Amino acid sequence: MMRIGVLEVDGISTLPEPILHHILSFLPFKEVAQTCLLSKRWKQVWQTFPDVEVGGMFTNPRKSKEILTSLEPALLNRQRKMISIKKFSLELDLINSPENASLAGRCLGLAIESEVKELVLVHWRSERRNLPEIIFYVESLHVLELSYCKLQQPSENVKLFSLRKLALREVCADDQAIASLISGCPLIEYLEIRNCEGLESLDLVNLSNLKEIILVNTSDIKRVEIKTSNVNALAIHQTYLFPIEVNVSSCGNLKCLKFDFLPIEDEWLCNGISKLPLLEYLSMTKCHKLTSVRISSPCLKTLILECCDKLIQVEIETPNLSIFKYHGDLISFSSNALSLSETSLCFSSHLMVNIEWVVEYFEILAMFQKFSKVLNLQCREGEISYKKQLIYDGEIPRCCQSLPVSCWQHCINEVKVEHTKSLSITEDGELQHDVRSYYCFEGGEDIFEKIDDLSEVV
């Protein structure tokens, strides 16, 4: 009998190159590079892969030199064959190594000549080095992310005419250097400045494409002026209550505003919100100078107030408000008729709890239970999700009729409990860390029995 051989066909290798590139994009870059050892076909696919990401935060100088030495000829080959680079990420330790810095500069130049679209430079554990000026004139760039660098005033006007996203993290730069950089990015849509030193005043003017601004831990900054009408989102997060002046009155299209640890006062908030007619999301955390919040906003859908320690009163006129979250002392609330889909309350009063506190507590619960489809009551050890009164056989249970807030047995929707075991010493003398366990129960007639059973287990 004659045997018929079966020819095995590698179906994946025969796929078009763009599809193979897409498949490889889901792998870590190191594994992508290893595919070049599979066959000549995969070596060709690797050589044309559009993303080049090298280094890592734990790469030492010796390893950095090895990486750069092998990277330079590969980039030179791409440049000669006119193979473009979509993303070039260089994350290396260049401390006390002029040779590595020179190698990195040459690799950067080759990537730029290959019309790179996204450039990420990170100098981990290095003193902040001056950036090569060449990066300020790359007209092909869409994304520029710089970390642990020193940014100085360029000798010529910045020409990043295609840049959409600019992120500066742990960068040392003064006002003039930042202003020169941003002024050369007329199409910028996203700006992030995080943990940067030297920046005291930020002016954003006539940037019609700018949509989102994020400022985090810019401890030196004292003034932020935004005069561009198309900004949709602004977030300013500080870790200390440093004086800072913020002007967003020209941001008529602003929809999302987040402040964390900002010394804003009552008058600023009241006047500022009135000039933002399209605002839909407002979050204020640890804004310790706020005492009386008065908000009138026709489009506001989400309002979050957390840990504003001096706050004593909240008045809101927000007919379209859907989500309200509050964390802090028990304070005075007043509002117009609301129809909230969800309310989350976490009261952590620093005052002594007495009968007056309890009465006010139940009055607030009664108000939000009336306005909210779901009322979440949070405490240190768990969370209770509270829903509207249930109607049995066409009528409300008797136990719910005479109370300002319906009884829990009929209205609890869900209970979440977090149990933490403290540090302890095992029999072997080893330290055992906290162990957290999570439990979740749906509401019902037996909800209290479930909680009692849990207390016996833990």
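Reckoned from all heavy atoms, side chains included, excluding hydrogens, waters and symmetry mates. Because the structure is a prediction, the values reported are computed rather than measured.
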### Message
Could you go through Asp203 and Arg223, starting from their C-alpha distance and side-chain angles, then the distance that decides it, and tell me whether this counts as salt bridge (charged side-chain N to carboxylate O under 4.0 Å, His left out)?
### Response
CA-CA 8 Å; Asp203 291 274; Arg223 190 179 70 89; 2.6 Å; yes
### Query
In a check of side chain to side chain contact (heavy atoms under 4.5 Å, CB included) between Val231 and each of Asn253, Leu207, Ile213, Val248, which one passes?
Ile213
## Note on the structure
Tightest non-hydrogen contact, residues Cys256 and Leu279, listed as N-CD1, 3.9 Å
### Task
Measure the shortest side-chain to side-chain distance between Phe136 and Asn157 over non-hydrogen atoms and say whether it is less than 4.5 angstrom.
no
### Message
For Glu315, is there any backbone N or O sitting under 3.5 Å from a side-chain donor or acceptor partner on Ser334?
### Response
no
### Task
Name all residues meeting the side-chain contact (heavy atoms from CB on, under 4.5 Å) criterion together with Lys86; count only those two or more places apart in sequence or in a different chain, and write none if there are none.
Pro50, Asp51
### Message
Assess whether a salt bridge exists between Glu192 and Arg169, defined as any Lys/Arg side-chain N lying under 4.0 Å from an Asp/Glu carboxylate O.
### Response
yes
### Message
Test of understanding: with side-chain contact (heavy atoms from CB on, under 4.5 Å), list the residues that count as partners of Thr285, not counting sequence neighbours.
### Response
Asp260, Ser283, Glu306
### Task
Assess the pair His288 and Phe261: is the distance between their ring centroids shorter than 6.0 Å?
yes
### Task
Run the salt-bridge test on Glu145 and Lys165 with the 4.0 Å N-O cut-off and return the result as yes or no.
yes
### Query
Which pair of non-hydrogen atoms, one from Leu234 and one from Phe259, has the smallest distance, and what is that distance?
CD2-CE2, 4.5 Å
### Task
Please determine, by modelled atom types, if Arg294 and Ser296 share a side-chain donor-acceptor pair under 3.5 angstrom.
no
#### Entry: Over 12 non-hydrogen atoms of neighbours within 6.0 angstrom of CD in Glu115
no
### Task
Could you tell me which non-hydrogen atom of Leu321 sits nearest to which non-hydrogen atom of Thr302, and how far apart they are?
CD1-N, 3.8 Å
### Query
Would you say Gln176 has more than 12 foreign heavy atoms packed within less than 6.0 Å of its CD?
no
### Query
Within a radius of less than 6.0 Å around NZ of Lys117, do more than 12 heavy atoms belonging to other residues, nucleotides or ligands occur?
yes
### Query
Can the ring centres of Phe333 and Phe368 be said to be less than 6.0 Å apart?
yes
